[in-house]
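Single-structure report; data block below.
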Amino acid sequence: MPRRKLSEYRSKKIVHEALTLPYVGWDIDIHSMSDDLKKVEGATSYVVKVDQAVKGRFKRGLVSLDVPKADIKAILKKYNKEGFEHFIVEPFVTHESSEERYLCILHDREGMWLRYSKQGGVDIEANPESVVTVAIDDATDWKALAKATTLSIEQLHALIHAYKQNFFTFLEINPYIKTNDSLSLLDLAVE
């Protein structure tokens, strides 16, 4: 069976539920945009992204950051003129790029793997030496992995469980921000 990419909105709903984290975000369809936008509330600024499994959205100009609510509709119309119809809108999370982290779960014929880096964001491919790969098996040192990723052992187990339960073949959180007790999944890709 070929891999199929899930929308970021659907992926975030699944992963947030698995982690028992509240999720605030809105799935916007160009055909019901006026009604969908009425639901967007609660933040002073937003992130607006094309949500059609497009790789390299940020570098292609398909992500707008720190957008006031009054400007969301114009951005959606601009993206629609480029041929896109499905979008995700979320509250904008202010942070430093140095706080961004990377995590990926995948499996192949040899087993299940977790990759992580203290350097997340759009330039992760430019820093392949920062990515550490760990086998997920009976010998996994969960305590060391929790310390390295800043996620709790329970959160790591919940991600692995969601991965298996939903028949994922790939899960990438890039970037995520972990501060004190707060975890923000800023971008998520699932196949």
Worksheet item: In a check of side chain to side chain contact (heavy atoms under 4.5 Å, CB included) between Arg115 and each of Ile124, Leu106, Val132, which one passes?
Response: Leu106
Shortest non-hydrogen contact from [X] toward [Y]:
X: Asn80; Y: Phe87; value: N-CZ, 4.2 Å
X: Ile105; Y: Tyr163; value: O-CE1, 3.4 Å
X: Ser152; Y: Ala146; value: C-CB, 4.1 Å
X: Lys73; Y: Ser34; value: NZ-OG, 3.9 Å

Using side-chain heavy atoms (C-beta onward) and a distance below 4.5 Å, is [X] in contact with [Y]?
X: Leu6; Y: Ile14; answer: yes
X: Ile136; Y: Leu145; answer: yes
X: Met112; Y: Ile160; answer: yes
X: Lys55; Y: Lys5; answer: yes
X: Thr149; Y: Leu114; answer: yes

Discussion item. Same cluster or not: Met33 versus Val63, using hydrophobic residues (I, L, V, M, F, W, Y) connected whenever any side-chain heavy atoms lie under 4.5 Å apart?
Written reply: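 No; Val63 is not reachable from Met33 via cluster members.
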Item to complete: Take the angle between the ring planes of Tyr46 and Trp26 and call it parallel below 30°, perpendicular above 60°, tilted in between.
Response: perpendicular
Worksheet entry | Distance (rounded to the nearest 0.5 Å) between Leu103 CG and Lys178 NZ |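 Between atom CG of Leu103 and atom NZ of Lys178 there are 12.5 Å.
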Fill in: Sequence neighbours excluded, every pair satisfying ring pair (Phe, Tyr, Trp, His ring centres under 6.0 Å) that has a member inside residues 124-154
Trp142-His157
Worksheet item: What's the verdict on salt bridge (Lys or Arg N to Asp or Glu O under 4.0 Å) for Asp187 and Lys49, showing C-alpha distance, side-chain angles and the deciding distance?
Response: CA-CA 10 Å; Asp187 200 5; Lys49 304 184 231 181; 3.6 Å; yes
Discussion item. Does Lys118 have more than 12 heavy atoms from other residues, nucleotides or ligands lying within 6.0 Å of its NZ?
Written reply: no
Discussion item. Does Glu82, at its CD atom, have more than 12 non-hydrogen atoms belonging to other residues, nucleotides or ligands within less than 6.0 Å?
Written reply: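 Yes, enclosed.
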Discussion item. Is it the case that the side chains of Glu17 and Tyr23 hold a donor-acceptor pair, with the cut-off being a distance below 3.5 Å and no angle test?
Written reply: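 Side chains of Tyr23 and Glu17: no pair found under 3.5 Å.
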Discussion item. Does either side chain, that of Tyr102 or that of Ser130, offer a donor lying less than 3.5 Å from an acceptor on the other one?
Written reply: no
Worksheet item: Do Tyr9 and His86 have ring centres separated by under 6.0 Å?
Response: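 No - the distance between ring centres of Tyr9 and His86 does not fall below the 6.0 Å cut-off.
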Discussion item. His95: which residues meet the ring-ring contact (aromatic ring centres under 6.0 Å, His included) condition with it, sequence neighbours left out?
Written reply: none
Worksheet item: Does Glu8 pair with Arg57 as a salt bridge, N-O distance under 4.0 Å?
Response: yes
